[in-house]
Peer 1: 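My questions all concern the structure below.
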Amino acid sequence: MASTNSGEAEGSHEGSEPSEPPIQPEESQVSQQVASSAVASASNQLPLPNELTLQMFVDLPEYLLPYLWCNFRHVCKSWKQFVEEAFIKRHLATITIDLAFSDLRFEPALTFAFDRISETNNECAFFRLVHDEMSDFTDMTAEIRRTEFHPFKKIFYHQVTMANVATGDPGLECLLVYPREISFLWKPMLNQLLGEEIRLRRLAYRLIQPKLLPTNDSMTNKMHFYLIQRTDEFYDEAEKVREQRLRRQYERSGVQWQSIKTHESMYEGSEKLRKFRLTRKHFKNPERYMEV
């Protein structure tokens, strides 16, 4: 009986279908290929070393800096940190600030160059007087020391220039004046300076769009783009862009905006615009532009 039962048991196993069919050689090969490609894809997605990512942002050409700050910086938190470190390490050093007080006691304006980031507050940058022999500046600081900047407080004329990239008069928030140096919040200043530069480039592109040639003649298009930024037509439109930004500054400060002429009354506005234009005219002819 035992043997019969065991035989029946064996017969039942032999006659039953296997629960899972064996993997065919072709399917096994495909699975291995899929697994290999998945591993390769995962390896390609590994992040770059932090030092390499930072150096990549440090070494970007000048014409890309507005996009680095206004676009790349907002990709993710890690890129935001890398971009800001790149500006501290290299790009802030290309910025100078020309400053003259509203009574025009200084001619030419005093020039300040980037010196350092505050040790206690990473948001604050110090710019130091380039020529220390300008001792009169120390006397002036007694009158305006620790004076917070607002666009409607006509304390001084100022021009911020990032060499070969952008120039303008962005707000210097939380400006503090010390003997031989000034400090302010550097990130809001760059938001305005480089954000306005991108808007001006888009404006220039719209002005030359009817003249653009097929893409195989890109160098001619780039020359059109470069030259339009030296015309009265461009600067008339650029002043409208600047006025929109000043209007927003006034609104944030809770002050009634009247007109650009009222704002410029103590700044000798025509002279300021002449200096902006002259500075921009001496920017290097860029080899490449993203816009064309």
Side-chain angles (χ1 to χ4, degrees), residues 65-75 77 80-81 83-84 87-88 91-92 95-102 109 112 114 117-118 120-127 143-162 165-178 181-203 235-270 272-273 275-276 279-280:
L65 294 185
Y67 301 99
L68 177 62
W69 182 261
C70 298
N71 297 93
F72 297 178
R73 178 168 164 261
H74 298 289
V75 169
K77 290 183 179 180
K80 181 177 185 293
Q81 179 182 351
V83 169
E84 292 177 359
F87 269 79
I88 292 173
H91 305 311
L92 286 179
I95 295 178
T96 56
I97 299 175
D98 292 328
L99 186 150
F101 295 95
S102 57
F112 295 80
F114 175 70
I117 296 295
S118 172
T120 59
N121 181 4
N122 192 48
E123 306 293 317
C124 183
F126 284 82
F127 282 69
E143 302 176 29
I144 60 170
R145 183 172 298 175
R146 300 186 179 276
T147 302
E148 185 173 357
F149 173 83
H150 290 290
F152 54 90
K153 287 184 178 179
K154 298 179 174 63
I155 300 170
F156 54 77
Y157 151 85
H158 74 288
Q159 179 179 355
V160 180
T161 301
M162 177 176 279
V165 176
T167 189
D169 59 344
L172 305 180
E173 296 184 15
C174 299
L175 174 72
L176 299 178
V177 181
Y178 305 96
E181 65 181 8
I182 60 176
S183 70
F184 54 87
L185 300 181
W186 62 280
K187 295 177 186 178
M189 180 273 290
L190 283 181
N191 289 340
Q192 293 183 27
L193 180 69
L194 300 182
E196 194 162 296
E197 175 62 23
I198 291 178
R199 287 191 287 273
L200 292 179
R201 292 184 185 184
R202 291 172 179 169
L203 167 64
Y235 281 99
D236 289 344
E237 294 298 320
E239 184 61 8
K240 295 178 183 178
V241 173
R242 176 170 171 266
E243 182 175 353
Q244 292 172 1
R245 188 252 302 164
L246 288 170
R247 185 189 298 270
R248 291 193 298 269
Q249 284 181 285
Y250 270 70
E251 290 175 354
R252 287 196 298 268
S253 301
V255 176
Q256 179 67 36
W257 170 262
Q258 297 181 13
S259 67
I260 189 69
K261 292 183 178 180
T262 302
H263 172 78
E264 299 288 322
S265 59
M266 295 181 66
Y267 282 81
E268 298 185 3
S270 59
K272 173 187 279 191
L273 295 179
K275 290 182 177 180
F276 286 167
T279 301
R280 197 174 187 89

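In what follows, every heavy atom counts, from backbone to side chain, and hydrogens, waters and symmetry copies are set aside.
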Peer 1: Taking the side chain as everything from C-beta on, heavy atoms only, tell me whether Ile95 gets closer than 4.5 Å to Thr161.
Peer 2: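 Result no, sub-4.5 Å side-chain heavy-atom pair not found.
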Peer 1: Output the distance between atom CG (Leu185) and atom CG (Leu175), rounded to the nearest 0.5 Å.
Peer 2: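 It is 9.5 Å, given to the nearest 0.5 Å.
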Peer 1: Which heavy atom of Arg201 sits nearest a heavy atom of Pro66, and at what distance?
Peer 2: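 Heavy-atom minimum between the residues: NH2-CG, 3.8 Å.
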Peer 1: State, yes or no, whether a side-chain contact exists between Val160 and Thr96 at a heavy-atom distance under 4.5 Å.
Peer 2: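 Val160 vs Thr96: side chains apart.
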Peer 1: How are the rings of Phe184 and Phe127 set to each other: parallel, tilted or perpendicular (split at 30° and 60°)?
Peer 2: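 Phe184 vs Phe127 ring planes: parallel.
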Peer 1: Can you see which heavy atom on Leu65 is nearest to which on Leu194, and at what distance?
Peer 2: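 Shortest heavy-atom separation between Leu65 and Leu194 comes out as O-CD1, 4.0 Å.
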Peer 1: Restricting to non-hydrogen atoms, name the atom on Gly195 and the atom on Cys70 that form the minimum distance, rounded to 0.1 Å.
Peer 2: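 Between these two residues, the closest heavy atoms are N-SG, 3.6 Å.
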Peer 1: Please check: side-chain N/O of His158 versus main-chain N/O of Gly168, any donor-acceptor pairing under 3.5 Å?
Peer 2: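 Looks like no, no N/O pair under 3.5 Å.
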Peer 1: Does Thr167 offer a backbone N or O that forms a donor-acceptor pair with the side chain of Gln159 under 3.5 Å?
Peer 2: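 Not confirmed, Gln159 side chain does not pair with Thr167 backbone.
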Peer 1: State the CG-CH2 distance between Asn191 and Trp69, to the nearest 0.5 angstrom.
Peer 2: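 Spacing of CG (Asn191) from CH2 (Trp69) equals 6.0 Å.
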Peer 1: Would Leu92 and Leu190 satisfy side chain to side chain contact (heavy atoms under 4.5 Å, CB included), going step by step from the backbone distance to the final call?
Peer 2: CA-CA 10 Å; Leu92 286 179; Leu190 283 181; 4.1 Å; yes
Peer 1: Looking at side-chain heavy atoms only, is the closest gap between Asp98 and Phe112 below 4.5 Å?
Peer 2: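 Not touching, per the 4.5 Å side-chain cut-off.
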Peer 1: Can you measure from CD (Gln249) to CD (Gln192) and round to the nearest 0.5 angstrom?
Peer 2: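 Between Gln249 CD and Gln192 CD, I get 4.5 Å after rounding to 0.5 Å.
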Peer 1: Can you see which heavy atom on His91 is nearest to which on Met162, and at what distance?
Peer 2: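 So the two residues come closest at O-CE, 4.0 Å.
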Peer 1: Nearest 0.5 angstrom please: Lys80 NZ to Glu84 CD, how far?
Peer 2: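 The distance works out to 3.5 Å.
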Peer 1: Indicate yes or no: at least one non-hydrogen side-chain atom of Trp257 is less than 4.5 angstrom from one of Glu243.
Peer 2: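 Yes, close enough: below the 4.5 Å cut-off.
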Peer 1: Could you walk me through whether Arg242 and Asp169 pass salt bridge (charged side-chain N to carboxylate O under 4.0 Å, His left out), step by step?
Peer 2: CA-CA 9 Å; Arg242 176 170 171 266; Asp169 59 344; 2.8 Å; yes
Peer 1: Does the salt bridge (charged side-chain N to carboxylate O under 4.0 Å, His left out) test come out yes or no for Glu197 and Arg280, once each step is laid out?
Peer 2: CA-CA 11 Å; Glu197 175 62 23; Arg280 197 174 187 89; 3.0 Å; yes
Peer 1: Verify the distance criterion only: is there a donor paired with an acceptor across the side chains of Arg248 and Gln244 at less than 3.5 Å?
Peer 2: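 Side-chain D/A pair, Arg248 to Gln244: absent.
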Peer 1: Just so I know, are the side chains of Val75 and Val83 near enough to count as touching, which here means a heavy-atom distance under 4.5 Å?
Peer 2: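 A side-chain contact is absent here, since even the closest heavy-atom pair is not under 4.5 Å.
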Peer 1: Counting C-beta onward and ignoring hydrogens, is there a side-chain heavy-atom pair between Met189 and Leu172 closer than 4.5 Å?
Peer 2: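 Yes, close enough: below the 4.5 Å cut-off.
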Peer 1: For the backbone of Asn122 and the side chain of Trp186, can you confirm whether one donor and one acceptor N or O come within less than 3.5 Å of each other?
Peer 2: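 Checking the backbone N and O of Asn122 against the side chain of Trp186, a donor-acceptor pair under 3.5 Å is found.
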Peer 1: Nearest 0.5 Å please: distance from the CZ atom of Phe126 over to the CD1 atom of Ile182.
Peer 2: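 Interatomic distance, Phe126 CZ to Ile182 CD1, rounded to 0.5 Å: 10.5 Å.
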Peer 1: What residues, two or more places apart in sequence or in another chain, satisfy side-chain hydrogen bond (donor to acceptor under 3.5 Å, both in side chains) together with Glu251?
Peer 2: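 Applying side-chain hydrogen bond (donor to acceptor under 3.5 Å, both in side chains) to Glu251 gives none.
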